[in-house]
Structure formats: C-alpha cells, structure tokens
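Small disclaimer: the values here were computed from a predicted structure and weren't measured. In what follows, chains are A, B, ... by sequence order, proteins preceding strands, each numbered from 1.
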Number of protein chains: 2
Amino acid sequence: MLTEKDRNHLKRALESIGLRPTRQREHIYSVILRKRDHPTADELFARAKEEMPTISLATVYNCLETLVEADLVRQVNLERGPSRFCPNQSQHAHFHCRKTGKIFDIILPDEIDADLRSMLPDGFEAEHIELSYTGFTAAEVTSSHRN
Amino acid sequence: MLTEKDRNHLKRALESIGLRPTRQREHIYSVILRKRDHPTADELFARAKEEMPTISLATVYNCLETLVEADLVRQVNLERGPSRFCPNQSQHAHFHCRKTGKIFDIILPDEIDADLRSMLPDGFEAEHIELSYTGFTAAEVTSSHRN
DNA sequence: CTAGGTGCAAAAGGTTTGCGGTTAA
DNA sequence: TTAACCGCAAACCTTTTGCACCTAG
C-alpha cells in the first residue's frame, strides 16, 4: 500500500507527462518502494503478483517504463543481463559485488554531481550521470549495508 | 593488420591467462583497434567478415570475451541493448548522446580514479570504476570529438 | 595425441509488440 | 464514447551453449 504522500507524488509525476495513475502503476510503484533493493523486472513481477495475481509481466515492463519516464524510478544497467530498478531519490552511486552479485547504494557528497559535470568538455550537456563500482565487499558489509 | 607491437601485446596478454593467440583473436583485436568507435559484437562481426568471411558470430563473441578477460578490451553496458566494446587504454568516461545514440570518450584527469575510490565506505574494494554521462551534444561536437 | 578453438545451429534469456477486450475521464 | 490501458501470446534481439570437426603444441 502506498502512503497518501507517495500516491500524490506518483499522481503528479504521471500527470506531468500526461498519463494516468492506474491501479497497476500504483501497485508496481508501491512494490518497488517497499523493499529497497535493486530488483529486476522479473523479481518485481513475482512480488507484484502476490497482491495482484492477474498482473502480467508485460504490464510490469510497461509500468516500469512509465515510472522511469516520470522520473520516479531509475533504471540501472551495470552488467549485461536484466535491468535493475530502484526508486529514484537522492544522488548515489552503485557498487556491484562480483562475488555475491548484490548491488549496494553508495551515498555521495552533494558536490560530486557538479564536480563530475565540470569535467565535460564544451558542447556536452549531461542530463544524468551514472557512477558505478565493480569489486568485492568484505563479509561484514553484506549484512550491514543496505543493498 | 596488427603492428608488431600490438601483436606482441596481444600475445603476452593472452599467454598470461593461459590462452593462445589464434588467427581469429588476432583478427578481432585488429578490427577493434582499427576504428576507435564503440561497436557492438554484431558490428564487429560485419567488419571482421570483410577480411575473414568464414568467421562466425559465435566466434566473435568468444573472442571478445577472451579479450575482455585479457584486459585488452573494455565491455561497456550503458543502455539496455547490445554491449559495446572499446580497446582498453587509459582511464576515461563515456558520454552517451540521447539524440544521435553515439558514444564519446571523455578523458579524465589522473587523480579522478583515486578521488572516486576514496568515496567508498570501509569494506568496499573496487576493481573497476565506470563513469558515464547521458545527455545531448552540441552539433559541432559530433564531428570534432572522437566517438 | 589431446586440450583448446572454431563454426554452425539451436536454445536461452530478457524485452517488446500486436491485438482484442476493458476501463476510466 | 473514446483514448488510454491491460493481459496474453507471439515475436524479437542479443547472447550462450552443445556438438562435431579441426589445429597447434
């Protein structure tokens, strides 16, 4: 279930791109908000079905595309393989552990966006900057850090 | 055709991971070095066939995987869709133009790697850092900047 | 001789599309 | 009422795999 605040946020974001807040879109949004990992479309499909058994995988893909367009969800493609999705929120990088396959959010200092942007030569205008790390995590991190 | 220098580089890199410098691997390496864009496996297949008509797409994939493992080639996954490949070389970021679909290399200052690495919390050990920008390029850039 | 490589064709993901039916402004 | 949306199944595209043949150490 969505809080009133999140529902309004969704409603406004969708309306701003001329689309309707349907049951399915609301549900997918609530599912992706509920657990802050980086699920694939397929994983979201499985979770979404628990409360909405009739939803289809194609609809999940459609809803996700819509949510990404509405800037409510970020689509992350680190490795080859399925895209992963996360609720947009603050500026952060991703760390992909090669041992566990888990993805962790790395909080970044506020200035980083401007810093990285300043490295672009003239004529390049960045809408979005994606920073991602690949490597290994110490065992204790895996449990303490939100993934 | 590969220069003597590049051929030796390839030979050493492959031997270091216990693999042989075959005709196909040499050819794919030379094709990817020749034109410094960011081709997909399929595009490389097309280019490779011009001089080696019998090579197969599966072999192109196999060779690319090998070259990536040997650290001679970098595999880049920015958007969903086919992976792109580039000869490894120096530390650089990628800029993906949403209008033209082109990918540009962005040269980074040397310190950037250490700077970005320093932002990781304890317990995270990065092997590789990937920085990518998505946005638009001014018209004149498209022709002047190497893509 | 034999482990590693190649080419082919088929299969396997992951995602998109077309279409008939449904739903909400 | 009508444009947007959904669910289903089929199509699609990229990549991987299995297997028979080949080739260099």
Give a yes/no answer on whether the side chain of A/Arg25 brings an N or O atom under 4.0 Å of OP1 or OP2 in D/dC5.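 It does, given that an N or O in the side chain of A/Arg25 lies less than 4.0 Å from OP1 or OP2 of D/dC5.
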
Under 4.0 Å from OP1 or OP2 of C/dG5: is there any side-chain N or O of B/Thr22 that close?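 B/Thr22 to C/dG5 OP1/OP2: no side-chain N or O under 4.0 Å.
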
How about [atom1] on [X], more than 12 heavy atoms from neighbouring residues, nucleotides or ligands closer than 6.0 Å, or not?
X        : atom1 : value
A/Glu125 : CD    : no
A/Gln75  : CD    : yes
B/Arg98  : CZ    : no

Whole angstrom value for the distance that separates [atom2] of [N] from [atom1] of [X]:
X       : N      : atom1 : atom2 : answer
B/Leu14 : D/dG25 : CG    : P     : 13 Å
A/Arg23 : C/dA24 : CZ    : P     : 8 Å
A/Glu69 : C/dT16 : CD    : P     : 11 Å
A/Ile55 : D/dG7  : CD1   : C1'   : 10 Å
A/Leu44 : C/dG14 : CG    : C1'   : 14 Å
B/Phe45 : C/dA9  : CZ    : P     : 11 Å
B/Glu26 : D/dA24 : CD    : P     : 12 Å
B/Lys11 : D/dA24 : NZ    : C1'   : 13 Å

Minimal non-hydrogen separation, [X] against [Y], with atom names:
X       : Y       : answer
A/Asn77 : B/Arg80 : ND2-N, 3.4 Å
A/Phe85 : A/Thr40 : CD1-C, 4.4 Å
B/Ser56 : B/Phe45 : C-CE1, 3.5 Å

Between B/Tyr133 and A/Phe124, is the ring centre distance below 6.0 Å?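 Here the rings of A/Phe124 and B/Tyr133 have centres that are no less than 6.0 Å from each other.
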
Base, sugar-phosphate, or nothing for A/Thr59, non-hydrogen atoms under 4.0 angstrom?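 The answer is base, as A/Thr59 lies within the cut-off (heavy atoms under 4.0 Å) of a base atom.
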
As a test of reading the structure: which of D/dG7, C/dG7, C/dG5 is closest to the side chain of A/Gln24, going by heavy atoms?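 Comparing D/dG7, C/dG7, C/dG5 against the side chain of A/Gln24, the answer is D/dG7.
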
For a quick check, with a 4.0 angstrom heavy-atom cut-off, what is the B/S/- contact string for nucleotides 12-19 of chain D, read 5' to 3'? --SBBB--

For B/Arg25 and B/Leu67, indicate whether the former's side chain and the latter's backbone hold a donor-acceptor pair under 3.5 Å.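 The answer is no, because no donor-acceptor pair under 3.5 Å joins these two groups.
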
At 10 degrees resolution, what angle do the end axes of the helix from C/dC1-D/dG25 to C/dA25-D/dT1 form when each is taken over five base pairs?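 Terminal axis comparison yields 30°.
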
Qualifying ring-ring contact (aromatic ring centres under 6.0 Å, His included) pairs, either residue in residues 6-36 of chain A, two or more places apart: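 Passing the test, one end in residues 6-36 of chain A: no pairs.
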
